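Just so it is clear, the structure is predicted and the values come from calculations on it, not from any experiment. Here is the naming used below: chain letters follow the sequence lines, and residue numbers restart at 1 for every chain.
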Amino acid sequence: MTGAFRDRSHHRLPDDLPAAADTWERAGAVDRAGVRAVAAHGLLGLTVPAGYGGGGLSLRESVEAHREVAGHSPSLQSLLVVHGMVCHAVRRWGRPELREDLLPRLARGELLGAFALTEQEAGSDLRALRTRLREQDGQLLVTGRKRWVSFGQLAHVLLVFGVGAGGGTSVLVPVGAGARVRPEQVTTGLRASRLADVTFHETPVPPSAVVGRPGFGVPHVATDCLTVGRLFVAAAAVGVAEAAIGLAAAHAAARMVGGEPLGCRQLVRALLAEASVAAEAAWHSVCSAADTLDRADPAAALAASRAKFGAAQAASLATAHASRVLGAGGLTEEHRLTRLDQAARTYQVIEGPTEVLKDLIGAAVVNQARGAVPHADGVVCAQEGDDRARTA
Amino acid sequence: MTDIQQTATYDQVRTRIREYVLALVGLPDMADDQPLITDHVLDSIAAVQMVAFVEGAFGLQVEDEDLELRHFDTIDGLVGLVTGKLGLR
Ligand SMILES: Cc1cc2nc3c(=O)[nH]c(=O)nc-3n(C[C@H](O)[C@H](O)[C@H](O)COP(=O)(O)OP(=O)(O)OC[C@H]3O[C@@H](n4cnc5c(N)ncnc54)[C@H](O)[C@@H]3O)c2cc1C
């Protein structure tokens with residue numbers, strides 16, 4: 001599974017990534033040394049323009065890296081997702097002074113960024129955000145609590161979404177004295193991703209730290225970031241699916257049952273066939289979504305949602321099938337398949353739960369027909385006003 | 001689509017924007033001052049698509065300072081933003 005990515009010599013994965021991933025998973029934590037190692041390999045600035053010290057890769061090129069990293073360490077890949085979303089937001093919507101100041105440091109990994117959208121009462125429903133931004137003496141004061149912030153335990157800046165005088169707003173908040181950071185309980189999937197529960201109380205930030213204009217953080221900046229995030233998670237889900245298929249295929253080739261390899265059994269072959277076709281299809285949809293994003297095609301947000309939905313399904317199918325092929329060995333807690341299996345389950349929830357994405361995608365399909373049907377004028381589903389605000 | 005940028009008239013811009021927004025909303029007709037975002041006529045993904053559409057269709061760069069709700073909440077707002085940036089007013 002050496003993609004185009006590995007051939008781009010200036011962005012190689014650390015050689016000891018597989019071993020390091022095992023250590024992180026056992027410890028339930030990617031450590032700072034691990035973060036420094038991936039930063040040294042340029043993985044934290046993949047898509048940041050070269051002028052800011054990044055790798056200058058297109059999204060189409062960068063998804064190769066996400067796919068490959070996730071096959072070893074889904075937890076580490078989630079750092080590339082959240083840090084990548086912050087880089088994207090600063091580059092696309094940050095004021096020039098913010099860009100000049102932060103992008104080079106983010107690209108080098110000197111500054112780690114994390115994405116703080118979810119709250120206790122606001123997961124997939126963005127309209128329920130309770131974090132408040134209040135202006136006072138030329139500053140913004142941030143008050144609220146964010147849950148499940150991936151790598152929030154290590155991050156230096158958080159992209160926080162809240163509500164201010166101008167409406168939904170996103171702002172970069174340094175993690176310092178004004179923020180209380182507590183580790184979340186370790187989750188089964190992405191267990192080493194250093195999740196944090198972060199509380200702000202009147203934490204001051206300068207107005208230049210607002211990313212996008214007040215009123216545009218939600219939904220614009222949030223949805224724009226989530227679009228990129230969905231693409232990265234979709235690529236990761238393909239990496240997870242492929243890694244699971246790799247483990248299952250190796251076992252099927254080596255394990256003898258009734259005098260012949262397991263892989264001679266048709267039912268076992270069927271499991272591998274279903275999984276590998278699903279993974280391949282998902283990868284094509286990831287690549288095509290990446291192309292639409294690189295072209296800034298208006299259809300990109302929908303394409304990324306479609307790719308993420310499909311890839312998460314493929315990862316779940318592939319890991320479930322691999323689990324059957326691997327038998328008891330694959331069910332042990334420290335087996336690599338267990339990590340992949342739990343990551344697949346997590347991908348069905350994060351960056352747009354599967355049900356929310358199906359709803360969005362299905363609505364777009366219906367909408368297209370509605371526009372073409374004259375007598376459908378004014379047809380609005382009862383729950384529409386509600387559903388349309390959901391994106392996360 | 002740079003031909004549009006070079007030769008577009010105010011009316012052509014409005015027509016193009018109306019067509020795009022109506023297709024996005026999935027309705028045959030709608031008032032030009034109907035709030036799209038604040039009335040939740042558009043979902044959040046569609047709201048983001050509008051930024052990409054404006055940039056792609058008219059060869060413009062939407063800057064941080066353009067990001068004001070009044071520019072994106074209605075067809076009128078979008079027409080104002082685009083014609084302003086194209087110098088058609
Ligand atoms: C490992 C991990 C890492 C995470 N990292 C981050 C992070 O870095 N930053 C961040 O902000 N958040 C993060 N999250 C939070 C994640 O984004 C949320 O869990 C997700 O948005 C879902 O929100 P929720 O958990 O509150 O579930 P809810 O919103 O309560 O939804 C629960 C379930 O209800 C169903 N559902 C919800 N809405 C609808 C609907 N409209 N239609 C149909 N069904 C629906 C879905 O099945 C969904 O899975 C992380 C979560 C995990 C597990």
Side-chain angles (χ1 to χ4, degrees), chain A residues 92-96 98-99 126-127 166-168 210-224 226-227 292-293 295-302 304-305 359-361 363-364 366-380 384-392, chain B residues 1-2 4-5 15-31 34-75 77-78 80-82 84-85:
Chain A
R92 184 66 180 85
W93 304 116
R95 311 235 169 119
L98 199 69
R99 269 200 310 258
L126 290 188
R127 281 190 299 160
V210 170
V211 177
R213 292 281 139 146
F216 256 79
V218 185
H220 274 79
V221 177
T223 306
D224 193 36
L226 286 168
T227 297
T292 61
L293 261 126
R295 286 200 306 272
D297 187 318
L302 191 58
S305 297
D359 194 49
L360 266 169
I361 295 163
V366 174
N367 240 6
Q368 225 173 4
R370 264 205 316 207
V373 179
H375 57 262
D377 190 353
V379 175
V380 173
E384 203 116 8
D386 249 22
D387 285 356
R388 287 188 167 205
R390 294 174 207 273
T391 96
Chain B
M1 290 182 215
T2 43
I4 289 215
Q5 192 190 354
T15 306
R16 184 84 203 271
I17 288 174
R18 266 187 69 79
E19 278 170 3
Y20 181 76
V21 171
L22 289 177
L24 205 57
V25 173
L27 294 175
D29 199 10
M30 192 179 62
Q34 161 71 44
L36 301 167
I37 296 171
T38 47
D39 275 7
H40 304 295
V41 174
L42 284 183
D43 62 32
S44 55
I45 281 192
V48 172
Q49 286 180 357
M50 289 201 303
V51 176
F53 162 72
V54 163
E55 293 189 330
F58 302 105
L60 302 172
Q61 181 76 36
V62 174
E63 308 286 350
D64 165 53
E65 67 259 25
D66 300 321
L67 283 189
E68 304 219 3
L69 198 56
R70 65 188 169 86
H71 287 148
F72 289 93
D73 204 22
T74 59
I75 290 176
L78 284 163
L81 173 71
V82 171
K85 282 177 109 37

Distance (rounded to the nearest 0.5 Å) between [X] [atom1] and [Y] [atom2]:
| X | Y | atom1 | atom2 | answer |
| --- | --- | --- | --- | --- |
| B:Asp66 | A:Phe216 | CG | CZ | 9.5 Å |
| A:Trp93 | B:Leu67 | CH2 | CG | 4.5 Å |
| B:Gln49 | A:Asp297 | CD | CG | 8.5 Å |

- Note on the structure: Hits for salt bridge (Lys or Arg N to Asp or Glu O under 4.0 Å) against B:Arg70, two or more places apart or cross-chain, chain-then-number order -> B:Glu68
- Provide the closest heavy-atom pair for B:Ala52 versus A:Pro298 in the form atom of the first, atom of the second, distance.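 The pair with the smallest heavy-atom distance is CB-CA, 3.9 Å.
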- Query: What heavy-atom pair brings A:Asn367 and B:Val25 nearest, and what distance separates the two atoms?
  - Reply: OD1-O, 3.2 Å
- Item | Interface moiety of A:Ala299 toward chain B, non-hydrogen atoms closer than 4.5 Å | backbone
- Side chain, backbone, both or neither of A:Ser305 within contact of chain B (heavy atoms, under 4.5 Å):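 The side chain, not the backbone.
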- Message: Parallel, tilted or perpendicular: which one describes the rings of B:Phe72 and A:His220, with boundaries at 30° and 60°?
- Response: tilted
- Task: Tell me, for B:Glu65 versus chain A, whether the close heavy atoms (under 4.5 Å) come from the side chain, the backbone, both or neither.
- Result: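 Contact with chain A is through both the backbone and side chain of B:Glu65.
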- Message: Less than 4.5 Å to any heavy atom of chain A: does that hold for the side chain of B:Val54, its backbone, both, or neither?
- Response: neither
- Message: Applying salt bridge (Lys or Arg N to Asp or Glu O under 4.0 Å) as the test, list every pair that has at least one member in residues 211-220 of chain A; sequence neighbours left out.
- Response: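 Non-adjacent pairs meeting salt bridge (Lys or Arg N to Asp or Glu O under 4.0 Å): A:Arg213-B:Asp64.
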- Query: Charged N to carboxylate O below 4.0 Å: is that the case for A:Arg92 and B:Glu55?
  - Reply: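 Here A:Arg92 pairs with B:Glu55 in a salt bridge, since their nearest N and O are under 4.0 Å apart.
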